[in-house]
**Q** 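I have a structure here, written as structure tokens, and I will follow up with some questions on it.
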There are 2 protein chains.
Amino acid sequence: MTAKEANSWTRIRGELLRRINERVWQPGDLIPGEVDLAEEFGCARTTVNRALRDLADSGLVTRKRKAGTRVAVNPPHKATLTIPIIRADVEARGCVYRHALVTREERYLPHHLGGAFRLPEGAQLLYTETMHYADDRPFIFEERYTNVDTVPAFGTMDFEDISANEWLVQNTPYSGGDMVFFAANADETLARYFDTAPGTAVFAIERTTWDGSDPITHVRMTYTPGYRMRTQI
Amino acid sequence: MTAKEANSWTRIRGELLRRINERVWQPGDLIPGEVDLAEEFGCARTTVNRALRDLADSGLVTRKRKAGTRVAVNPPHKATLTIPIIRADVEARGCVYRHALVTREERYLPHHLGGAFRLPEGAQLLYTETMHYADDRPFIFEERYTNVDTVPAFGTMDFEDISANEWLVQNTPYSGGDMVFFAANADETLARYFDTAPGTAVFAIERTTWDGSDPITHVRMTYTPGYRMRTQI
DNA sequence: AAGTGGTCTAGACCACGCC
DNA sequence: GCGTGGTCTAGACCACTTC
């Protein structure tokens, strides 16, 4: 109906999708088990499993052992954002990338990071501020707290040739973290950096990463005014 | 090292991850084929395939037939955002949900939507504005253009009991679309709605959806000042 | 042409979670 | 308990790319 299905588990997913969309199976309904569907479609159970697993990943059905598979009542929209290395992002726009280290100093754990960073009393972090440029225009302002106990080599870098952002991505594996997306009004400093009026709305991302239970880094990336982050769904 | 691996393809993924993280395989390197790895790990090729497919999904390796699997040089950060139905979002915060239809009128295709909506000259759309409340506090302001030719039933709704947002999610399947995340300064009207000062930074999402090549709807959701959208990575 | 990943099969065992 | 999804296997054919 919408697109051509090559030949495989995607065709089965398409048929299941059709039944969900056309209300053959209503939201909340229990749908047949994998064995039954496999028989109906004349394929192996593995293939049905692949199709159902994909639908579950996109949130359209919920699956539980013994309980079976149900059509989701409120299918959430899911969007996968790909946040590239800043250098790659800039160069993909056909611009020349450049960065400059603005600040670099030891700092105590800021109070507002207490929740994210479980560190001993008075633990010191390396604080760095970096401006990333696209064709000499400020593109992203990066404020970062890094736990040098977890990443000793980080403390010895000068970040002339490579930015803190790039170095960490290439050298520090992480096991998990969280990200926050929000809007903020540019303060005096930020406005001066971006050559705009104070109060201008800017898009920002905060990211905290851990390796196991060891905190690695907390960073806020503030994007140039007017930046729009896109994705396909 | 970081977490316990149950027993399965995740253990293999963990071992492959270790080799990537510890530079046993350098960025850009060609890693062994599935058959070799299966032999090394003493498992079926399917299992190795599952592990490698997962690493490819997260962007850590790139795979091509005949060419093989390579360690990615600039592994991008990927984050999956789950945008829930507004009602569910509000109720998950323990608040009472309510919505109000503010505006509803026929409008011609706005010029700035020309790129997203491929419609005939002078085509009319149904424009709706809806305010979504959490405990009687304005939470999200929704501005929506809907193509009633694609979704005829939409034009007959009064959106008293159910919001346009909720109705569309429950009744209109889509095959694809795009989303944009950005920050904006609240204008006079928006500031009045949110009971804040004009110029306050607000987080917003624009979403356009199609069914095949037929445009369905374009919506801008503007969130209450201070809203932060979170996700785990 | 040949190698590599992509997929499918038929069968099996396991683990979670309702009852 | 026991039913359902989660996973694994061994083998096979196919499709895409590079050579």
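The figures here come from the full heavy-atom set of this structure, side chains too, leaving out hydrogens, waters and symmetry mates. A, B, ... follow the sequence lines: proteins, then strands. Residue 1 opens every chain.
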**Q** Restricting to pairs with a member in residues 53-78 of chain B, which pass ring-ring contact (aromatic ring centres under 6.0 Å, His included), not counting sequence neighbours?
**A**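 The answer is Tyr174(A)-His77(B).
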
**Q** Please report, rounded to the nearest Å, how far the C1' atom of dT7(D) is from the CZ atom of Phe41(B).
**A**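 Whole-Å distance recorded here is 17 Å.
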
**Q** Roughly how many Å is it from CG in Leu16(A) to P in dG5(D), rounded to a whole number?
**A** 12 Å

**Q** Any pair with a residue in residues 87-100 of chain A that passes salt bridge (Lys or Arg N to Asp or Glu O under 4.0 Å), sequence neighbours left out, goes on the list, sorted by first then second residue, please.
**A**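 Residue pairs passing salt bridge (Lys or Arg N to Asp or Glu O under 4.0 Å), neighbours aside: Arg87(A)-Glu91(A), Arg87(A)-Glu166(A), Asp89(A)-Arg93(A), Arg98(A)-Asp136(A).
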
**Q** Could you walk me through whether Phe139(B) and Tyr133(B) pass ring pair (Phe, Tyr, Trp, His ring centres under 6.0 Å), step by step?
**A** CA-CA 5 Å; Phe139(B) 183 60; Tyr133(B) 297 88; over 10 Å; no

**Q** May I ask you to evaluate whether Asn49(B) reaches the phosphate of dG6(C), defined as a side-chain N or O under 4.0 Å from OP1 or OP2?
**A** yes

**Q** Is Leu101(B) close to Thr128(B) at the side-chain level, that is, under 4.5 Å between some pair of heavy atoms?
**A**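 Yes. Closest side-chain heavy atoms under 4.5 Å.
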
**Q** How many Å lie between CZ on Arg11(A) and C1' on dG6(C), as a whole number?
**A**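 Answer to the nearest Å: 16 Å.
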
**Q** Whole angstrom is fine here: how far is it from CZ in Arg53(B) over to P in dG5(C)?
**A**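 In whole Å, dG5(C) P lies 13 Å from Arg53(B) CZ.
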
**Q** For nucleotides 9-19 of chain D, read 5' to 3', which letter fits each nucleotide if B means a protein heavy atom sits under 4.0 Å from the base, S means only the sugar-phosphate is that close, and - means neither?
**A** BBBB--BBBB-

**Q** Listed by chain and number, what are the side-chain contact (heavy atoms from CB on, under 4.5 Å) partners of Val71(B), not counting sequence neighbours?
**A**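 Partners of Val71(B) by the side-chain contact (heavy atoms from CB on, under 4.5 Å) criterion, ordered by chain and then number, come out as Ile20(B), Trp25(B), Ile31(B).
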
**Q** What pairs meet the salt bridge (Lys or Arg N to Asp or Glu O under 4.0 Å) rule with one or both residues in residues 153-164 of chain B, with sequence neighbours excluded?
**A**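 Qualifying pairs: none.
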
**Q** Please enumerate all residues that pass side-chain contact (heavy atoms from CB on, under 4.5 Å) together with Arg65(B), with sequence neighbours excluded.
**A**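 Arg65(B) satisfies side-chain contact (heavy atoms from CB on, under 4.5 Å) with no other residue.
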
**Q** Please give, in whole Å, the distance from dA15(C) C1' to Arg63(A) CZ?
**A** 15 Å

**Q** Under the salt bridge (Lys or Arg N to Asp or Glu O under 4.0 Å) rule, collect the residues that match up with Arg70(B), sequence neighbours excluded.
**A**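 Result, salt bridge (Lys or Arg N to Asp or Glu O under 4.0 Å) vs Arg70(B): none returned.
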
**Q** Using the C1' atoms of the five pairs at each end, what is the angle between the end axes of the helix from dA1(C)-dT18(D) to dC18(C)-dG1(D), to 10°?
**A**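 One end's axis against the other's: 20°.
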
**Q** Could you pull out all residues at least two apart from Glu40(A) that satisfy side-chain hydrogen bond (donor to acceptor under 3.5 Å, both in side chains)?
**A** Arg19(A)

**Q** Which residues pass the salt bridge (Lys or Arg N to Asp or Glu O under 4.0 Å) test with Glu142(A), not counting sequence neighbours?
**A** Arg144(A)

**Q** Which ones in residues 28-38 of chain A lie close to DNA chain D, meaning a heavy atom under 4.0 Å from one of its atoms?
**A** Gly33(A), Glu34(A)

**Q** How long is the line joining CZ of Arg13(B) and P of dT7(D), in whole Å?
**A** 10 Å

**Q** Below 3.5 Å, can you tabulate the donor-acceptor pairs from side chains in residues 41-52 of chain A to any protein atom, sequence neighbours excluded?
**A**
unit_1	atom_1	unit_2	atom_2	d
Arg45(A)	NH1	Glu34(A)	OE1	2.5
Asn49(A)	OD1	Arg53(A)	NE	3.3
Asn49(A)	ND2	Glu34(A)	OE2	2.9

**Q** Would one find a side-chain N or O of Arg50(B) under 4.0 angstrom from OP1 or OP2 of dT7(D)?
**A** yes

